There are 2 protein chains.
Amino acid sequence: MSCAEEYTPKLRARGYRMTSQRLAILHVLHHSGGHLSPAEVYEQAHLQVPGLTETTVYRTLDFLAENGLARPAHMGSGRLVYEIARHEHHHLKCRTCGTEMEVEHALLKSMYQKLESESGYKLTDSHLTFFGLCPNCQKGD
Amino acid sequence: MSCAEEYTPKLRARGYRMTSQRLAILHVLHHSGGHLSPAEVYEQAHLQVPGLTETTVYRTLDFLAENGLARPAHMGSGRLVYEIARHEHHHLKCRTCGTEMEVEHALLKSMYQKLESESGYKLTDSHLTFFGLCPNCQKGD
DNA sequence: TTCCTTATTGCAACTTTTGGCAATAATATG
DNA sequence: CATATTATTGCCAAAAGTTGCAATAAGGAA
């Protein structure tokens, strides 16, 4: 299934329009797999849509996140990166070497439930980033 | 104990210097209690140290976080806020009305342990922000 | 296909954050 | 107390991100 076929209906269902800019940005996120900074998204999507501006990239990433097609994540720099919305997961990043790994949401499930019952809040999406030392960097420490 | 008495030794112990700028910023964080944006910190600290620049505020907040005297947190906007380092805690924020509450780290303890044993990483500090719907906003939904 | 509505984009100005470098000032030492 | 060392700051300019508004174009209706 092409990106257009996959994502256009999702936008339409919410009353929004598919545009060449949005499609190019979704395409970049979809095929990169990982998380990208707005600048990286711009750099790549720009090739497909020459007139594309960085303003539009920022607005579109925010828009896609707002509508569940992309997920924003903080990777420790104070700046947001984005990835295509797939299975729910979190990140674990090494403070020393920067190596990252994904953390399945299943691992946090029971903690989420405890948090819901204690707080009364109904938890929705939260992309979490944990920091620590990877096995390798623990040795040298 | 004054801010100077409390924080100066902590910096000295690490080979750093206490300055009027750092003291003013620590004072602001210490007495505000909650988390503040760099702009808010600047606005207040500026009153004590007229020559203070925003550049210094950014650098100092980063420096304090790096050295464990302050903690950075993401509150969903893509921008960092800072609070004075106290007991370890996390935040839970309502997507609808913005109401926030603190989450004790104790509640996440066993999840942290599970995460460490599964990943091999040794977890260090991570300020987490969870998002959800507060009890009030669940009704109206 | 053509027209109409309005969501979306590009542009330009603006705010926020970062980085390089010379001047300043905190602290150790004589 | 005076001097030397160098961490820290301020200044300036650049990079990153945001906002308002007029022009454009997606998609429904005729």
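Nothing here was measured: the structure is a model prediction, and the numbers come from that model. To find a chain, count down the sequence lines: A is the first, B the second, and so on, and within it residues start at 1.
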One thing to verify: whether B:Arg14 and B:Glu66 come together as a salt bridge, which I'm taking to mean a side-chain N less than 4.0 angstrom from a carboxylate O.
no
Whole-Å distance separating the NE2 atom of B:His74 from the P atom of D:dG17
13 Å
Rounded to whole angstrom units, what separation is found between the CD1 atom of B:Ile25 and the P atom of D:dT8?
13 Å
To the side chain of B:Thr55, which of C:dT18, D:dT5, D:dT19 is closest?
C:dT18
Heavy atoms from C-beta onward define the side chain here; which of D:dA16, D:dT19, C:dT9 lies closest to that of A:Tyr58?
D:dA16
Round to the nearest Å and state the distance from B:Arg14 atom CZ to D:dA7 atom C1'.
16 Å
Quick one: does B:Leu61's side chain get under 4.5 Å of B:Pro72's, heavy atoms only?
no
Is the distance between the ring centroids of B:Tyr16 and B:Phe63 less than 6.0 Å?
yes
Look at the side-chain N and O atoms of A:Arg17 and state whether any lies under 4.0 Å from the OP1 or OP2 oxygen of C:dT6.
no
Proximal nucleotide (of C:dC21, C:dG10, D:dT8) relative to the B:Phe63 side chain
D:dT8
Base, sugar-phosphate alone, or nothing: which one does B:Thr19 contact when heavy atoms must sit under 4.0 Å apart?
sugar-phosphate
Do B:Ser37 and B:Arg79 make a side-chain contact, defined as non-hydrogen atoms from C-beta onward lying under 4.5 Å apart?
no
Looking at DNA chain C, which of residues 30-45 of chain A put a heavy atom within less than 4.0 Å of it?
none
Measure from the side-chain heavy atoms of B:Arg22 and tell me the nearest of D:dA26, D:dC11, D:dT9.
D:dT9
Where the side chain of B:Gln21 is concerned, which of D:dC11, D:dT9, D:dT5 is the nearest nucleotide?
D:dT9
Looking only at D:dG27, C:dG10, D:dT9, the nucleotide nearest the B:Thr56 side chain is D:dT9
To the nearest Å, give me how far apart OH (B:Tyr16) and P (D:dT9) are.
12 Å
Is the gap between the ring centers of A:His105 and A:His87 under 6.0 Å?
no
Please report, rounded to the nearest Å, how far the P atom of C:dT15 is from the CG atom of B:Leu80.
21 Å
For B:Ser20 and A:Val49, take the nucleotide of DNA chain C holding the closest heavy atom to each; which residue's nucleotide lies nearer the 5' end?
A:Val49
Do A:Glu83 and A:His89 have side-chain atoms, one donor and one acceptor, less than 3.5 Å apart?
yes
Out of D:dG27, C:dC11, D:dG10, whichever nucleotide has its closest atom nearest the side chain of B:Leu52:
D:dG10
Categorize B:Gly51 for me: base, sugar-phosphate, or nothing, with a 4.0 angstrom heavy-atom threshold over every strand shown.
sugar-phosphate
Determine whether a donor-acceptor pair (N or O, by modelled atom type, separation under 3.5 Å) exists between the side chain of B:Glu40 and the backbone of B:Val81.
no
Check the side chains of B:His127 and B:His74 for a donor-acceptor pair under 3.5 angstrom, ignoring hydrogens and angles.
no
Rounded to the nearest angstrom, tell me the gap between atom CE in B:Met18 and atom P in D:dT9.
10 Å
Using heavy-atom distances to pick each residue's nearest nucleotide on DNA chain D, tell me which of B:Thr60 and B:Arg79 is more 5'.
B:Thr60
Rounded to whole angstrom units, what separation is found between the CG atom of A:Leu23 and the P atom of C:dT9?
12 Å
Taking CG from A:Asp62 and P from C:dA7, how many angstroms apart are they, rounded to a whole number?
17 Å
Measuring from the side chain of A:Arg59 (C-beta onward, heavy atoms only), which nucleotide among D:dG27, D:dA7, D:dG20 has the closest atom?
D:dG20
